[in-house]
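So the structure is just underneath, and the comments pick up after that.
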Amino acid sequence: MTEKIKFMLLDSSYEVVGREPIIILWGIDESGRRVVLLDRRFRPYFYVLPKKDASVEHIASRIRALSKPKSPIIDVSIVDRKYFGRPRKVVKVTTVLPEAVREYREEVKKIDGVEEVLEADIRFAMRYLIDKHLYPFRWYEVEVESRGRQAGYRVEEVYNVVSDPQPAPEHKLPDMRILAFDIEVYNRSGSPRPEKDPIIIIAVKNDRGEEHTFVADDGKNDRKVLIEFIDYVREYDPDIIVGYNSNKFDWPYIIDRAHHLGLRVDVTRRVGAEPTTSVHGHVSIPGRLNVDLYDYAEEMHEIKVKTLEEVAEYLGVMKKSERVLIPWWEIPDYWDDPKKRPLLVRYALDDVRSTYGLAEKILPFAIQLSYITGIPLDQVGAMGVGFRLEWYLKRAAYDMGELIPNRVERPGESYRGAIVLEPLKGVHENVAVLDFSSMYPNIMIKYNVGPDTLVRVGESYKPDEVYVAPEVGHKFRKHPPGFFKRVLEELLSVRKKIREEMKKYPPDSPEYRLLDERQKAVKVLANATYGYMGWPAARWYCRECAEAVTAWGRQLIRMAIDYAKKLGLRVIYGDTDSLFVTYDEEKIRKLIEFVEKELGFEIKIDKVYKRVFFTEAKKRYAGLLADGRIDIVGFEAVRGDWCELAKDVQSKIVEIVLKTGDTEKAIEYVQKVIRELKEGKIPVEKLVIWKTLSKKLSEYSVEAAHVVAAKRMLEKGFKVSVGDKIGYVIVKGSGKLSQRAYPYFMVKPNQLDVDYYIDHQIIPAALRILSYFGITERRLKGVAVTRKSLFDFLRPSSR
DNA sequence: GCCACGACGGTACCT
DNA sequence: ACAGGTACCGTCGTGGCG
């Protein structure tokens, strides 16, 4: 007996039972029950593209002959698809077992006349979602047969899918159970090792506001901790589990430690299953969405040191001043001291509260990213922007009958990018910053840029039927609309619709916020398309396309600059799609009109600086806005590889100079800081320099400071890996600077080389701004000269 | 052998 | 693990000089 149910999709997976693959859809139904839908009707397949002169039928029959009874090919048929926009006859090969796709793929490749095997690398569970148009966090109606509760699945009801799920009208997200967790490990030296270092605390917090800490006994016996935690997860039964760096630390550690103690990490919704680590280092928990919030922190470029405390502070989740802070190397001391141990427990609690708070800030966007791209939530965060876009493109290709190109290894070919103008150095008053709106996406749409519309060498074309890119001469057919043009138009129109829908709700309503996150997710994809085309690993890679886009971009901004100058606007600076011009409303209006009417693009005033300062360097400036806010762009103050003290000093100088013009005050300030530094009044934290380890230690050809510091960590038993940020300080002594670099936690304050910080951090950062005003290193170090004010330096080039 | 200097490696930023 | 353009630091090799 069949019935219809509505459900919201959480995730998909598959299993092979009795030599038959079963798609498993995890979801939540209308009444909030967790359900599983099993679909036994779907089979894996791939395509075979014959060479142009080969016989499709012949290839098809050769493929049929490959079928082996144990794992048969069940269908070989000739179908019409498109490959880079051109209609092609291809062979669709269907098997029973997903693993069989890999085996047959290799054999089919060897057949004469086969150009390529396509779509043989799409995972079965994702193949189902693509083909059935299913997206996480969207609602569907589906005809099913109930199988009641099933012992193997920890859900309220299991159904067999009878016919394909159909989209149901959108309604709000159901209440989902969310669990944040965080572990603390006891170890006295180096990085913790699961085979010996116990997990002394696991802290959890859920969406009901409940908090728990599972704490080891005095003997640091953590068996109980793990058992209680595992039971808690099963008991609370979360849909989403969040952690901070949990994919790389907490989960692997829990799994290794539990196995070492002979325990199973029985936290999934599939009886008998355990969390598994995928190739990309992401941990998968069947039936639940495991989200590592660190992945999202990595994308927040404003935050330089991405510890949980820093990110929580930045996002307004928890102030560092209002929580327990314990340096990680003191954790064992806190544990061993009975008086301090409660503080350590409190610290773990503050960590998990921060983690949960981060989830509240980040998950709404992450969920919409999953909703738009169709990538399950537990994977979407671990992916780079390129892969997120690529999944969106794969779905678009399927919907258009386009074959998904293979990923091929190819060398990167560089090409010219954007224009950056030489800034007019000095202080300028009343400057408007104009920005082209979505310049590259709009170029791609206007000129129909893409790998399928590109006229390649040897191909014929009629001159009036193509767009020709300036300088580089690449040609793109005007018709029909290409793959990227169609995708981008869709993205832009979807975003427009979302933004219109948003107007129906007050800005503080949940509906508004949800839609706002959604439109942001769409924007990310649109903005990534140009870079994607120039990415050698992209399936739809097209260097000529990317090259043409930047060429058109250069032409565009040149024409805007020329017109601005013709109008009598001073062009102070410009980079790629932005122009800094004197704030003359009437002339700017004319410029905007010109760009819209004559060039066919949109340009807008992004901001107006009351005062803005440039040195001779490109990509570096500081501006004062009408409301008193200050933008610092490019300078040391916004770079993560300068010590906090130098950055603070530079920020302060910029503020003094832009707001008061009093350079003397700035000098006095620098001198004061130098005095404090010499007197040892500056805490070590403000002197730590953080640099990313971008490759393996052995691969470095020069002894850079952070590399030396990382080697010292390694010697002490710490794991250092690619991507880690190494925090180091410079100590007194002789020899190369790099040899005097030590991890900050290995150094006592009196060992610090104060002179290094003065000469190589404070003074350079200060002079970057102040040398334009004629101030020298000697003055900063205390030699008096005549007083000048900012206003002697205004509008330098106009006498 | 020492020093000045430029090339280069390396990192992080901007749009 | 989306692109190219750019600034700037410290190391390292090189050539000139003694």
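Fair warning: this is a prediction, and the values are worked out from it, not measured in the lab. Below, chain A is the first sequence line, B the second, and so on; all start at residue 1.
A:F436 comes within 4.0 angstrom of no nucleic acid atom, judged by non-hydrogen atoms across all strands. As judged by a 4.0 angstrom heavy-atom cut-off over every strand, A:R768 is placed among residues touching the sugar-phosphate backbone only. No contact: A:R388 has no heavy atom under 4.0 Å from any strand.
For A:S694, whose side chain is taken as the heavy atoms from C-beta onward, the closest listed nucleotide among C:dA7, C:dG10, B:dT11 is B:dT11. The side chain of A:R639 sits closest to B:dT11 out of B:dT11, C:dC12, C:dG10. Distances were taken from every side-chain heavy atom of A:V638 (C-beta onward) to each of C:dG10, B:dA12, B:dC14; the shortest belongs to B:dC14.
Where A:T529 and A:V420 each meet DNA chain C at their nearest nucleotide, the meeting point lying more 5' is that of A:T529. Taking the nucleotide of DNA chain C with the nearest heavy atom to each of A:W535 and A:I419, the more 5' of the two is matched to A:W535.
Between C:dG10 and A:K691, no contact under 4.0 Å exists linking OP1 or OP2 to a side-chain N or O. Residue A:H760 has no polar side-chain atom (N or O) positioned under 4.0 Å from OP1 or OP2 of C:dC9. Residue A:K304 places at least one side-chain N or O under 4.0 Å from the OP1 or OP2 atom of B:dC13. OP1 or OP2 of B:dC8 has not a single side-chain nitrogen or oxygen of A:S701 nearer than 4.0 Å. A sub-4.0 Å separation between OP1 or OP2 of C:dC2 and a side-chain N or O of A:Y392 is absent. In terms of phosphate contacts, A:Y440 brings no side-chain nitrogen or oxygen within less than 4.0 Å of OP1 or OP2 of C:dG4.
For the contact set between residues 368-386 of chain A and DNA chain B, defined by any heavy atom under 4.0 Å, there are no members.
Of the residues A:D631, A:I630, A:L624, the one that meets the side-chain contact (heavy atoms from CB on, under 4.5 Å) test with A:Y609 is A:D631.
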Check your understanding: A:R127 and A:E119: salt bridge (Lys or Arg N to Asp or Glu O under 4.0 Å), yes or no, with the steps?
Key -> CA-CA 9 Å; A:R127 177 86 266 176; A:E119 306 197 15; 2.7 Å; yes
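One distance of note links CD1 of A:I653 with CG of A:D648; it measures 11.0 Å at 0.5 Å rounding.
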